Amino acid sequence: MDTRPIGVFDSGFGGLTVARAMIDLLPDEQLIYVGDTGRYPYGPRELGEVRDFAIEIAQYLVAEHDVKMIVVACNTASAAALEDLREEIDRPVIGVIEPGVRSLLEVTETGRVGVIGTVGTIGSGAYQTLVAELGPERDLTCAACPGFVEFVERGETRSDQVRVLANRLLAPIRDAKVDALLLGCTHYPFLARTISESLGRGVVLVSSADETAFEVRRILEGSALACDAGAPDRQHRFLSSGDVDWFEELGRRLLGPELLQAEAVGWDQSVDSTRPRGGSSDRHETN
Ligand code: DGL
């Protein structure tokens, strides 16, 4: 039995949707979560820069916490870095894109499907390529949703402003009359009600969080990596490169009581200190 923790990371709070699903599905495993809130959002950044961040965080998780596996709980980082991470890191590396696409293709009945994500994720073409490969007969409509991530990072998931933004950004998805929509950003499940109200009840929302947790379980099951029932009760750890108090407060609201406390983590390269941290009133829609 392998009692080492599983490393999970995202640009901020979004990956907590994946962490939640993993905690529920794999109660014997311990997680070390890194929210890179000091450098969020990843969505508008160059993919090469996001790739460097992802490798830095993964190497940190291996070197400092001896994680047995890495879950890239961020679509933008998965699109930018999954292949490179698998070359650089000598542990299993799981992304969120493929599990999400498989689930999307399973649930659609009409064959008209949608994916929403950050500018970086949609612009990378990762979803378009994978849907073409796994479901070439499907009719795919993609839309980038700049601004959604910032609303979540501020803890603002049900305001009038986010509703107005959702109605505007989701127009191409509504027009395409999809019957299934993949939330291709791990922050978006926190906006699920708003998104669903905007699209109507006929559209099934697919979150990659649950599918990714199932994928992790599939890899652990029957392998020497799994931590069996009966392992000593260990607490999950949550690290933030930004405002730790805000991470603890909003993170606990979003994830639940398992987030007892947040700890600080820093990187060698300088953090963009010009960007206001969590809890600010920054309203730029850059992502
Ligand atoms: N939650 C991340 C994703 O899945 C990144 C959001 C961001 O930082 O722009 O894409």
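Counting starts at 1 for both ligands and their atoms, following the listed order. Scope of the values below: all heavy atoms of this structure, side chains included, with no hydrogens, waters or symmetry mates. In this text the structure is predicted, and so the values were computed from the model without any measurement.
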(message) At under 4.0 Å between heavy atoms, is it the side chain or the backbone of Cys74 that contacts ligand 1, or both, or neither?
(response) both

(request) Determine whether more than 12 heavy atoms belonging to other residues, nucleotides or ligands lie under 6.0 Å from atom CD of Glu46. (result) no

(message) Under a 4.0 angstrom heavy-atom cut-off, which atoms of ligand 1 come close to Tyr42?
(response) 7 (C), 8 (O), 9 (O)

(message) When you compare the side chains of Glu153 and His187, does any donor N or O come within less than 3.5 Å of an acceptor on the partner?
(response) yes

(message) Heavy-atom pairs closer than 4.0 Å: do any link ligand 1 to the side chain of Asn75, the backbone, both, or neither?
(response) both

(message) Show the atoms of ligand 1 that are less than 4.0 angstrom away from any heavy atom in Asp10.
(response) 1 (N), 2 (C), 5 (C)

(message) Can you tell me which portion of Val96 lies within the under-4.0 Å heavy-atom range of ligand 1? Options are side chain, backbone, both, or neither.
(response) neither

(message) Out of all atoms in ligand 1, which are within 4.0 Å of some heavy atom of His187? Include the element for each.
(response) 1 (N), 2 (C), 6 (C)

(request) May I ask you to check whether Ser198 and Arg174 show a side-chain donor-acceptor distance below 3.5 Å? (result) yes

(request) Would you check if the distance from the ring center of Tyr33 to the ring center of Phe9 is below 6.0 Å? (result) no

(message) Tell me whether Arg45 forms a cation-pi arrangement with Tyr42, defined as NZ or CZ under 6.0 Å from the six-membered ring centre and within 45 degrees of its axis.
(response) no

(request) Please identify which atoms of ligand 1 are closer than 4.0 Å to at least one heavy atom of Gly43. (result) 7 (C), 8 (O), 9 (O)

(message) With a heavy-atom distance limit of 4.0 Å, tell me whether Thr76 approaches ligand 1 through its side chain, its backbone, both, or neither.
(response) both

(message) If you count heavy atoms of other groups shown closer than 6.0 angstrom to CZ of Arg158, is the number above 12?
(response) yes

(request) May I ask you to check whether Ser11 has an N/O atom sitting below 3.5 Å from an N/O atom of ligand 1? (result) yes

(message) Do Glu156 and Ser159 pair up side chain to side chain, a donor and an acceptor below 3.5 Å, judged on atom types alone?
(response) yes

(message) Show me which atoms of ligand 1 lie under 4.0 Å from any heavy atom of Thr118.
(response) 6 (C), 9 (O), 10 (O)

